[in-house]
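Presented below is the structure to which this report refers.
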Amino acid sequence: MTCPCGLGEPYETCCGALHSGLKTAPTAEALMRSRYAAFAVADEPYLLSTWHPTTRPGELDLDPDQKWLRLEVLARTGGGLLHTTGTVEFRAIYRWQGRREELHENSRFVRDDGRWLYLEPVRD
């Protein structure tokens with residue numbers, strides 16, 4: 001299976017390695033892509049574990065009828081190997097109740113104890 005994150009790699013060696021804990025995301029963009037892939041494969045434990053504890057919900061209620069189709073990374077700031085914060089702007093295309101929908105977000109990430117975590121959407 002090709003990884004849903006859009007890089008064209010096999011899932012097992014791409015985001016699957018992050019989901020299983022074999023690797024950690026080296027950049028904010030890698031974490032964002034792995035979180036998108038986790039939504040696509042309904043990996044709730046990974047989503048919660050990569051969410052900053054100050055903004056993480058107690059649980060997720062993923063809709064099995066929501067099918068994630070494509071991810072487009074639009075922009076990024078910081079979030080590299082030597083950074084402690086970063087943002088990634090993306091568009092995620094999905095199908096729900098027979099309609100094509102999209103989620104457009106500029107997400108904020110922080111590195112906490114060496115691990116990238118999703119914090120929140122950037123508020124204008």
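Since the structure is predicted, the reported quantities are computational estimates derived from the model, not experimental observations.
- Linking Ile, Leu, Val, Met, Phe, Trp and Tyr whenever their side-chain heavy atoms come within less than 4.5 Å leaves L117 and F109 in two separate clusters.
- Atoms CG and NZ, from L18 and K23 in turn, are 6.0 Å apart once rounded to the nearest 0.5 Å.
- Taken together through direct or relayed side-chain contacts under 4.5 Å among Ile, Leu, Val, Met, Phe, Trp and Tyr, V122 and L31 form parts of separate hydrophobic clusters.
- Hydrophobic cluster membership is shared by V88 and L71, with clusters built from Ile, Leu, Val, Met, Phe, Trp and Tyr side chains linked at under 4.5 angstrom.
- The aromatic rings of F39 and W68 are tilted relative to each other, their planes meeting at an angle between 30° and 60°.
- The nearest pair of heavy atoms linking D65 to D63 is N-OD1, 2.8 Å.
- With sequence neighbours excluded, no residue forms a salt bridge (charged side-chain N to carboxylate O under 4.0 Å, His left out) with R111.
- Residues T54 and E120 have side chains not in contact (no heavy-atom distance under 4.5 Å, counting atoms from C-beta outward).
- Residues L62 and A42 approach most closely at CD1-CA, 3.8 Å, considering heavy atoms.
- Taking 4.5 Å as the limit, some side-chain heavy atom of R33 sits within range of a side-chain heavy atom of V73.
- Side-chain contact check for T85 versus R108: every heavy-atom pair is 4.5 Å or farther apart.
- Atom OG1 of T87 sits about 11.0 Å away from atom CD of E29, to the nearest 0.5 Å.
- Note that CG of L69 and CZ of R95 are 6.0 Å apart. Values are rounded to the nearest 0.5 Å.
- The distance from atom CG of L119 to atom OG1 of T55, rounded to the nearest 0.5 Å, is 5.0 Å.
- Between Y36 and R70, the shortest heavy-atom contact is OH-N, 2.9 Å.
- Annotation: side chain of L7 is not in contact with side chain of C15 (no heavy-atom distance under 4.5 Å).
- There is a side-chain donor-acceptor pair under 3.5 Å between Y46 and S34.
- When atom types are taken as modelled, the side chain of R56 and the backbone of L48 share a donor-acceptor pair closer than 3.5 angstrom.
- For the residue pair E105 and S107, a side-chain donor N or O sits within less than 3.5 Å of a side-chain acceptor on the partner.
- Cation-pi geometry between R35 and W51 is met: the NZ or CZ atom falls under 6.0 Å from the ring centre, inside 45° of the normal.
- Between M1 and E12, the closest heavy-atom pair is O-OE1, 4.3 Å.
- Annotation: the span from R123 atom CZ to N106 atom CG amounts to 11.5 Å, rounded to 0.5 Å.
- By the rule that hydrophobic residues join a cluster once side-chain heavy atoms approach within less than 4.5 Å of another member, L47 and W96 end up as members of one cluster.
- Closest of all the heavy-atom pairs between L81 and P26 is CD2-O, 3.4 Å.
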Verify side chain to side chain contact (heavy atoms under 4.5 Å, CB included) between L103 and F90, making sure each step is shown before the conclusion. CA-CA 8 Å; L103 168 66; F90 67 91; 4.1 Å; yes
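- Across all non-hydrogen atoms, the minimal contact from V41 to P4 is CG1-CG, 4.3 Å.
- Taking 4.5 Å as the limit, some side-chain heavy atom of R115 sits within range of a side-chain heavy atom of T50.
- Under the rule for a side-chain contact (heavy atoms from CB on, under 4.5 Å), the partners of E101 that lie at least two apart in sequence or sit in another chain are Y94, R99.
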